[in-house]
Each structure stands twice: as C-alpha cells, then as structure tokens.
Amino acid sequence: MAETTNSPMAETMEKPPKDIESEDEEEQTFESLGLDGRLIRALNKKKIDKPTPIQQVAIPLILQGKDVVARAKTGSGKTFAYLLPLLQKLFTLEPKNKLAPSAIVLVPTRELSQQVYTEVSSLIELCRVPLKVVQLTSSMPAPDWRTALAALPEILVTTPACVKKCLSDGVLQPTSIDESLEILVLDEADLLLSYGYEGDIKALTPHIPKRCQCLLMSATSSDDVEKLKKLILHNSYILTLPEVGDIKDEVIPKNVQQFWISCSARDKLLYILSLLKLELIQKKVLIFTNTIDMGFRLKLFLEKFGIRSAVLNSELPQNSRLHILEEFNAGLFDYLIATDTSKSKENEDNGESSIEPKKSRKHAKHKADSEFGVVRGIDFKNVHTVVNLDMPQSAEGYVHRIGRTGRAYSTGASISLVSPDEMTIFEEIKSFLGDDEKDDSNSIPPFPLLTKNAVESLRYRAEDVAKSVTKIAVRESRAQDLRNEILNSEKLKAHFEVNPRDLDLLKHDKALSKKPPAPHLRDVPDYLLDATTKEASKTVKLARAAMGNTNPARRHGFKRKSKKNKDPLKTFTAEGHKRARRGGMKREGKDGNGNHRQKKRKT
Ligand SMILES: Nc1ncnc2c1ncn2[C@@H]1O[C@H](COP(=O)(O)OP(=O)(O)OP(=O)(O)O)[C@@H](O)[C@H]1O
C-alpha cells in the first residue's frame, strides 16, 4: 500500500478520518470483524471476548490490507488491534523461501519490544500455528542477530536503531526486505522520533516495498506522528478514537478517576504513608517519583512501617527491569515505585542509538538507560491506583502516567500530591485536560477520603522515621540495590536461558534496611484513627472485596460489572456519605462500562 519516500504520491490521498463513534453503535464481536477462529479461541483463553472500540474499527481495515494510522488513548487495546490482523494475514501467506521477515514491528524501547514479543509468542502458541517470531535488541552481539534471523522468522520485533544496524552489518539484506516485507508496524509512533530514531527509520524506508502494508499506532497526536506518516504512509486511513474535539476525552480514559491532594513538599512522605497505611486507596499501586533518590527514600521510609515495595528505574539492568515488571504484573507485590526519568543528554550514549562509540557504551554500562520506558506503552496489569508523589514535568507525562491504570475495560484512580511549587504544572495539566470548574465531569477534585485529622495522627511517627532516612542511607541503599540487581541480572540471564519458567525465583521487593521495622510502626493503633477514617478505610476494603481484589489469585480473575458502583471513590466523601463531588458513573461511557479485565500471567 505504501509508496516509498521519494514517491510522487507522497503527501497525497489521505482518506478522511473515520468516525469511530458512529461505527461503534452496534455491538461488534471478534467473529463479526472477520477474525480467524484460531485467534478468537486464543483470545478466549486469555479471557478476552469483546473487541475494544479501536479494535472494532482497525481490525477489518487492516484485514482488507489498508494502511492505517490509529490514534487511541492509553490502554485502549492498540496492540491487539494490529497484532491480530497481522497474524491472520501471516496465517494465509504463501510459503516462500523468504530471507527476511514478512512482518516487522518497530517499538521505541526494549521493555516494549519484550512486551510485544511476549504477546505475539503467546498468541502463536495458543493458535498452534508454525509461525516464528524473534526479538532483536542493540545490546545483543551481532552473531546472535545472525543466529536469530537464520531461523527465518516471519515476525521481527525490534527498535529502529537495531534494524539499521542489521542493515549496515549485512545481517539483513535490503533486497531480502524488498522481497519479503508485507507488513510494517510502527508502535508508539509518537515516541519513536522523540527517542531519536528518525535517522534509523529513514535508513529503512527506501527498502520498504510498495506493496508493504504500513500501520502506525499512537496514543497522542503530535508533529512527530505527522512526520512519520509522511515518511512511511501515503494512502492511509486515519482512525482517531474518540474524534478530535474533546481533548480531555481524547487523552484520559473515561474509567479513571483523577484526584489531587494539596500538601507541602516536606509532607509528601506523611501523606503517602497515610494513604497506604490507612488503606484509603486500592491496590495495586504504582507510585511515580521524579528522581531515583526519591524512589529509594520512599522505599526505605515505607519499609520502616512494614510496607514492602519495589523500585523501578533506568539505572537497573535490563533483565532486572523486565523481571520486576513480570513480578508486579503477576501480583507478587502490590507497591511499585517508578522513576520515569526522561532521556537526558548524559544518557544518550547508552541506548540503541546506532552512532554511539563502543567505548562510551562500555563506560556507561550501568548508567541510566535512555531506552528505558516505564510509562509509555508499558502494560502494567491490574494497577488500580496511580500516585504522583512528585508531579510530572509535563501534561503529556501526566497523561501517560495516569494511563497505566484503567486499561482496556478496567477501572482505576489517580492521586496527585501537589506542593505549592508544583501548582503551575498542575494548572497546566488541568487546562490541557480541559478541567472545567463548572463541569464536574471534567475536573480533578480533591481526594475526599483523607482527612486532616487522619494525617495529623500519623505526623509524629512519620516525621520521626523520615529523619532516619538520611541522604547517606538513601545513597547506600541505592548502591546496594544496584549491586543486588546486577548480580540478579547476571544470574537471571544464565538461569533463564536454561529455565525460562523459573521467573518467580527472585524477589525484588526485598527489604533494603538491615533492621526489621519496629513492631509499633507496623500497625496503626486504634486510638490514632478517627471515626471518619475508619469508615473510609472500611469502605475501601469492602469495595476491594466486592471487586475481587483481596488476594492475588482473585485479582487475576474477572471483575463483575455490577460491582463497580461500589467503588468508594464514587460513593463516599470524608465529610460523610455524600456522593463524591464527581460521580464516576456520569463519566462512564460505553467503552468504560465493562469491568472484565484481562489478567494474564506472563511466562
Ligand atoms: N478486547 C479486549 N478486552 C479486554 N482487554 C483487552 C482487550 N484488548 C486488549 N486488552 C488488554 O488491555 C490492556 C491494554 O492494552 P494495550 O497495551 O494494547 O493498550 P494500548 O492502547 O497499546 O496502551 P498504551 O497507549 O498505553 O500503550 C492489555 O492488558 C491487553 O491485554
């Protein structure tokens, strides 16, 4: 479908945007979309039985061979929207002696590459079809690329930089790509250029054959997506969900309730402790910090109160990061503290960038990884609450953090702790989202369940403990954790090559401090709790039980549709049993209504 870059067809014939909302009127099923029975059965085994809106529109078009640009909000199921028709097309492809893959999926980060690879492998296994998929990363030695590609896989999942390297090292021949490539996918397209892949993509485009079907998936629209469209696609269907116009709806899933808490920077540890210790938020919880030190400070602080958590940041070795994600997704721990550092100048030489000199890469081996992508596109399973301990630097960053909850048909909540210094960015975020004081459904209200009294009851203990988490303690823990994880990483690598199913062996939420938490800090004594807080906590627990969230095994099952109304954030305020200022149901659209989540354990 696509022309090459120098085609005279470039920049022409863009089809008008499709109105997805109107197509969504009648209930679609995977059968009615024309999906192969094997894929439908595979989806059923994953407890997925109804296509999401973007899947409803994208799948038939992709099956028809159209080039598609799909823009849909975070967690809307874009991966299956392209993977399912891609696999179906490969099922029916004439077997030829192809020297290059028939399908290439380009993603911006190694984490995403692993995620997509796992998803494709699992579908292939469930469908019992003889298709092969490989994943290549720039950190692999060139002989490994050769070995992987010598198996003649039908699908290659990788980053643009890696493809360019394969081309320049002669591991992939341009003529083979020209003969073989049928489908090219640019996933998280809005991120590819910002990760510095423009040159790498340009190196590939002249070799993309005209018949190759090109798909571009993204969560937001940006100049970068436009640029890529011009570079790769020339006769595409543009799918936007929902239609441009309602900016807020465009970016934040309707099934996520957003709240904020005003507090001083100094009190942030006290507030997060109150939220967790008084059980006012639902698990699993993903907490964002802006610096790695703050992540460790929080971990050490919570540890003193008997709350175990794991940290995830760009400094950790890749194996460990992937493993932490696997364990969190599998429900082995409930609190993950993520530092979503953006690509910084000092890190640039440790990524997939193909121009990097070998020496600097070696030197930067354990420095922060510029290809690390905690926020964008990573599918954290069953996160109910996202907490911004530090506010993100941009509105876009906010959207992608919040997008880690409320994925597909599940519900979620977010709480931002906003200090006076962060009010400017908070205002920017609100205006980006179209926060409207007069329209309840468009605002970020204060979190209703945490009272001043409840916070003050914990102040003395929190401040006392916070003092003991000194800069030196943080630095030591950070170094120790890194040492542990490097060791883990080496062990993981060797061990998992032989025993790929033994991923449960290593725990990442281990205590960092040598002393166990003092018994009196583990539990909050009854006399410290006021009646309102007790009631709020009880309601949250009830809601958790009603939603099947009480234990990991249940968490991996379905949530009942009718139970969602029991979410206390929609029915309770700390002042009493008044309905919360912003009724969640009001915001629920057709798409956000179902409660059945897909919960799968990665193997
Ligand atoms: N039809 C469906 N029904 C239920 N769950 C689904 C469906 N399709 C996908 N999912 C699940 O929804 C979650 C989010 O999907 P996915 O990662 O594809 O979202 P996304 O749109 O790519 O999000 P992001 O923009 O953040 O990358 C995944 O866990 C996926 O397995």
Side-chain angles (χ1 to χ4, degrees), residues 24 27-31 33 35 39-40 42-59 70-86 105 107-109 111-120 122-123 126 185-192 215-222 225 239-241 250-253 255-256 286 325 328-330 340 373-383 386 396-397 399-412 555-559 561 591-602:
D24 190 29
E27 187 88 334
Q28 297 266 21
T29 62
F30 283 117
E31 284 86 352
L33 301 180
L35 214 57
L39 286 166
I40 296 174
L43 289 171
N44 288 342
K45 283 187 192 142
K46 289 171 173 283
K47 313 278 184 245
I48 291 183
D49 48 16
K50 194 178 89 182
T52 63
I54 190 66
Q55 292 162 359
Q56 291 177 28
V57 196
I59 289 173
R71 176 156 65 84
K73 57 200 163 201
T74 54
S76 56
K78 293 187 287 295
T79 315
F80 282 148
Y82 72 80
L83 273 189
L84 297 170
L86 178 150
V105 180
V107 292
T109 64
E111 280 78 6
L112 266 171
S113 164
Q114 175 70 26
Q115 189 173 294
V116 173
Y117 171 78
T118 309
E119 208 68 88
V120 184
S122 138
L123 284 171
L126 289 170
V185 183
L186 273 61
D187 198 0
E188 301 291 336
D190 41 347
L191 200 60
L192 284 169
L215 313 172
L216 236 99
M217 319 302 288
S218 78
T220 56
S221 64
S222 65
V225 177
L239 307 176
T240 304
L241 184 75
E250 199 186 322
V251 288
I252 295 278
N255 34 327
V256 177
L286 181 59
L325 280 174
F328 186 59
N329 280 345
D340 52 343
V374 126
V375 177
R376 299 293 302 267
I378 298 297
D379 190 31
F380 292 97
K381 305 278 182 202
N382 313 322
V383 169
V386 170
E396 211 198 23
V399 168
H400 286 283
R401 283 183 178 186
I402 305 302
R404 296 317 98 198
T405 182
R407 311 215 17 108
Y409 290 111
S410 60
T411 55
R555 275 206 302 270
H556 287 268
F558 283 106
K559 280 207 285 177
K561 198 171 179 174
D591 318 340
N593 243 350
N595 253 0
H596 55 287
R597 296 187 207 179
Q598 188 249 333
K599 282 138 187 145
K600 101 180 149 56
R601 265 186 97 106
K602 285 183 182 173

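Numbers for residues simply follow the sequence, beginning at 1. Order of listing sets the numbers, starting from 1, for every ligand and every atom in it.
- At least one donor-acceptor pair closer than 3.5 Å links the side chain of Ser76 to the backbone N or O of Lys73.
- Scanning Gly77, Gly403, Ser76 for the heavy atom closest to atom 15 (O) of ligand 1 points to Gly77.
- For ligand 1, the atoms closer than 4.0 angstrom to any heavy atom of Glu188 are 24 (P), 25 (O), 27 (O).
- Atoms of ligand 1 found under 4.0 Å from any heavy atom of Phe80, numbered from 1 in the order shown, are 8 (N), 9 (C), 31 (O).
- For Lys78, heavy-atom contacts with ligand 1 shorter than 4.0 Å involve the backbone as well as the side chain.
- In this structure a side-chain-to-backbone donor-acceptor pair under 3.5 Å is missing from Asp187 to Val107.
- The closest approach between Lys47 and ligand 1 stays at or above 4.0 Å for every heavy atom of the residue.
- Using modelled atom types, one side-chain atom of Thr118 and one backbone atom of Gln114 make a donor-acceptor pair closer than 3.5 Å.
- Against a heavy-atom cut-off of under 4.0 Å, Arg404 is close to the following atoms of ligand 1: 26 (O).
- Under a 4.0 angstrom heavy-atom cut-off, Lys73 registers as being in contact with ligand 1.
- The shortest side-chain heavy-atom distance between Pro53 and Gln28 does not fall under the 4.5 Å cut-off.
- Scanning for side-chain hydrogen bond (donor to acceptor under 3.5 Å, both in side chains) contacts around Thr52 gives Gln55, with sequence neighbours left out.
- The minimum heavy-atom distance linking Leu84 with Leu39 is given by the pair O-CD1, 3.4 Å.
- Looking at ligand 1, you'll find an N or O of Thr79 within less than 3.5 Å of one of its N or O atoms.
- Relative to atom 24 (P) of ligand 1, the option among Ser410, Gly406, Gly75 with the closest non-hydrogen atom is Gly75.
- A donor-acceptor pair under 3.5 Å is absent between the side-chain atoms of Thr411 and the main chain of Gly406, judged by distance alone.
- Lys78 and Ser218 are not linked by any side-chain donor-acceptor pair at a separation below 3.5 angstrom, with hydrogens and angles left out of the test.
- Contact between Lys381 and ligand 1 is present, with at least one heavy atom of the residue lying under 4.0 Å from the ligand.
- For Met217, no heavy-atom contact with ligand 1 is shorter than 4.0 Å.
- At a heavy-atom cutoff of 4.0 Å, ligand 1 is contacted by both the backbone and the side chain of Thr74.
- In summary, the atoms of ligand 1 found under 4.0 Å from a heavy atom of Lys50, numbered by their order in the structure, are 1 (N), 2 (C), 3 (N).
- A salt bridge links Asp379 with Lys381: the distance from a Lys NZ or Arg NE/NH1/NH2 to an Asp or Glu carboxylate oxygen falls below 4.0 Å.
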